[in-house]
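So the structure is just underneath, and the comments pick up after that.
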Amino acid sequence: MPLFMDYHNVPGITIEFAKKAHLEDLAVQDKYRVKYHQFWVNEEAGLVFCLMEGPDMESCVSTHREANGVEVCNIIEVDGGMYSAFMAYGQSLDSDIVMKSPGQADSGFRFILTLDIISLTSLKEDINFDELKFPDKPGEKANDLIGRYQGRILQQLKNDCLIASFYTPESAVQAAIAIKNEFCHQIINNKNKGWNISFKMGISVGQPVTEEEDQLFEKAIEQSYRLCKIADPGEIMTSVLVGKLSVFCDQEIENHTVKVINEAEQDFLDQLFKIVEGNYPDNEFNVELLSREIGMSRPHLYRKLRTITGLSPVAFIRDLRLGKALSLIKQRKKNITEIALDVGMNNPSYFAKCFQNKYGILPSQIAI
């Protein structure tokens with residue numbers, strides 16, 4: 001049967017209450033052909049996450065409803081491989097509650113690291129498509145360092161980035177710092193041996209299921225990717241919550257090893273990305289429309305975006321369009337003119353100029 005995970009918002013939840021509710025679920029699960037496996041309790045946040053098998057989502061929800069009346073905020077179907085990558089870290093069980101250590105429940109929260117590596121190509125006529133792929137040597141080194149800090153690679157290439165999951169904030173930040181130090185060393189000493197690159201990273205924290213998600217940790221992965229995209233070259237960008245969850249991480253933030261954005265800035269960026277990503281195919285979408293949709297004057301939008309990302313609104317929109325264009329080029333499904341139109345840049349000459357300025361090569365010179 002399919003595997004599902006749901007989540008419940010239960011303010012004031014305690015371990016004992018969760019155990020009692022779980023026993024009530026077990027008492028009626030056979031009626032709906034559901035099998036509950038284990039669950040995670042976050043007492044501080046008032047959240048519970050349940051893992052179960054069942055014929056369909058409604059059967060799982062009906063089990064909760066009849067057993068104890070605890071409302072399901074959302075339920076998603078879970079791929080077994082993704083579940084293992086995110087959630088299975090050899091924890092113990094106490095009455096089916098996943099425990100981080102004796103007496104301490106696993107909150108279910110995980111830490112997501114996104115690493116973006118760009119090959120700095122030289123402008124030449126015979127450049128091969130492979131030169132714009134995720135570079136081999138840096139990629140292999142990153143894989144090794146992520147594994148050294150108990151990270152799991154989730155997807156080698158999502159939006160041309162490497163994405164990994166970590167059990168603790170310390171391991172995520174330590175892995176990022178190790179990658180940064182190693183990459184900086186290699187760039188200085190082996191620039192002409194596969195290390196002519198630029199890189200940046202983003203780290204987020206999130207719960208396995210939220211109200212709007214259809215996939216496991218979808219929101220946390222998205223936030224990590226966005227933090228990575230607004231980071232400067234060679235920079236590690238993280239949300240303020242990562243620092244709050246770890247003394248070590250907080251110290252690295254204070255030492256400026258890691259750059260942090262606060263919750264208000266995170267909310268602003270989430271709104272900004274959502275608007276731009278929903279409109280960039282429209283060639284008429286511009287800063288004026290962005291300013292109107294986000295509810296800010298153009299000068300206010302410029303100052304706020306510049307402070308957080310170092311980019312102007314025009315550059316922010318253009319960079320998202322070019323990033324999408326590069327992904328489309330790598331898919332090899334459309335020609336350059338079609339791709340330019342797809343990302344809202346209907347002037348081929350301007351598109352080519354912007355692409356060359358960002359990636360060091362004309363899009364027409366990529367051998368596909």
Side-chain angles (χ1 to χ4, degrees), residues 3 5 51 76-91 98 100 106 108-119 130 132-187 194-195 197-209 213-229 231 234-239 242 245-246 249 258 323 326-327 330-331:
L3 194 65
M5 180 174 280
L51 181 72
I76 63 172
E77 186 170 348
V78 177
D79 173 79
M82 288 297 285
Y83 164 78
S84 297
F86 277 112
M87 307 304 295
Y89 280 84
Q91 309 96 315
V98 182
K100 189 172 185 178
D106 181 346
F109 279 44
R110 296 295 184 263
F111 302 84
I112 312 300
L113 168 66
T114 297
L115 167 64
D116 189 14
I117 307 175
I118 298 175
S119 293
D130 288 339
L132 283 182
K133 289 184 177 179
F134 203 80
D136 291 336
K137 289 183 179 179
E140 290 170 1
K141 178 56 68 174
N143 284 338
D144 176 61
L145 291 171
I146 287 169
R148 195 177 301 177
Y149 289 93
Q150 291 75 55
R152 279 93 175 272
I153 303 296
L154 301 179
Q155 192 170 344
Q156 180 66 39
L157 290 175
K158 177 178 174 63
N159 296 319
D160 309 313
C161 294
L162 184 152
I163 300 176
S165 168
F166 293 85
Y167 191 38
T168 67
E170 294 87 357
S171 57
V173 172
Q174 286 174 331
I177 293 172
I179 291 171
K180 177 178 179 177
N181 291 340
E182 177 66 21
F183 278 23
C184 288
H185 171 78
Q186 294 291 349
I187 290 170
W195 286 92
I197 63 167
S198 173
F199 71 94
K200 48 188 177 178
M201 287 174 273
I203 302 174
S204 69
V205 55
Q207 62 194 63
V209 186
E213 290 182 339
D214 296 320
Q215 298 179 20
L216 208 60
F217 287 95
E218 184 177 2
K219 184 176 180 180
I221 291 173
E222 182 179 66
Q223 287 190 338
S224 175
Y225 173 76
R226 290 172 175 176
L227 289 171
C228 179
K229 285 302 178 183
E235 188 173 67
I236 304 168
M237 177 79 77
T238 185
S239 63
V242 174
L245 293 172
S246 166
C249 298
V258 177
L326 179 59
S327 295
K330 291 181 178 183
Q331 293 175 18

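To the nearest 0.5 Å, atom CD of residue Gln207 and atom CD of residue Glu213 are 7.0 Å apart. Rounding to the nearest 0.5 Å places OH of Tyr149 at 10.5 Å from CG of Asp144. Taken from CZ in Arg110 to CG in Leu154, the straight-line distance is 11.5 Å, to the nearest 0.5 Å. The distance from atom CZ of Arg148 to atom CD1 of Ile179, rounded to the nearest 0.5 Å, is 10.5 Å. Phe199 contributes atom CZ, which lies 10.5 Å from atom CD of Glu235 (distance to the nearest 0.5 angstrom). For the atom pair CD of Gln150 and OH of Tyr167, the computed distance is 12.0 Å after rounding to the nearest 0.5 Å.
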From CA spacing to verdict: side-chain contact (heavy atoms from CB on, under 4.5 Å), Cys161, Tyr225: CA-CA 8 Å; Cys161 294; Tyr225 173 76; 3.9 Å; yes

Go through the steps to decide whether Arg226 and Glu222 satisfy the test side-chain contact (heavy atoms from CB on, under 4.5 Å), and finish with yes or no. CA-CA 6 Å; Arg226 290 172 175 176; Glu222 182 179 66; 3.2 Å; yes

Give the C-alpha distance, both sets of side-chain angles, the deciding distance and a yes or no for side-chain contact (heavy atoms from CB on, under 4.5 Å) between Phe166 and Val173. CA-CA 9 Å; Phe166 293 85; Val173 172; over 6 Å; no

So Leu3 and Leu51, side-chain contact (heavy atoms from CB on, under 4.5 Å) or not? Walk me through it. CA-CA 7 Å; Leu3 194 65; Leu51 181 72; 3.7 Å; yes

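Minimum heavy-atom separation, Gln215 to Ile76: C-CD1, 3.6 Å. Across Asp116 and Cys228, no two heavy atoms sit closer than the pair CB-SG, 3.5 Å. The shortest non-hydrogen separation linking Arg152 to Ala85 is NH1-O, 3.2 Å. The two residues Ala176 and Met201 come nearest to each other via the heavy atoms O-CE, 3.3 Å. Summarising the geometry of Leu113 relative to Ile203, their closest heavy-atom pair is CD1-CG1, 3.7 Å, with the distance given to 0.1 Å. For the residue pair Met237 and Ala231, the shortest heavy atom distance occurs at CB-CB, 3.9 Å.
No side-chain heavy atom of Phe217 sits less than 4.5 Å from a side-chain heavy atom of Ser224. Between Phe86 and Ile221, some side-chain heavy-atom pair lies under the 4.5 Å cut-off. Side-chain contact between Gln223 and Ser239: absent, with no pair of heavy atoms (C-beta onward) separated by less than 4.5 Å. Put simply, the side chain of Leu162 reaches to within 4.5 Å of the side chain of Ile146, judged on heavy atoms.
Although no hydrogens or angles enter the test, the distance criterion places a donor-acceptor pair under 3.5 Å between the side chain of Ser204 and the main chain of Ala220. With hydrogens and angles disregarded, no donor-acceptor distance shorter than 3.5 Å links the side chain of Thr114 to the backbone of Ile163.
Residue Glu182 forms a side-chain hydrogen bond (donor to acceptor under 3.5 Å, both in side chains) with just one option from Gln186, Lys180, His185, and that option is Gln186.
Between Phe183 and Trp195, the ring planes lie perpendicular to each other; the angle is over 60°, past the 30° to 60° tilted range.
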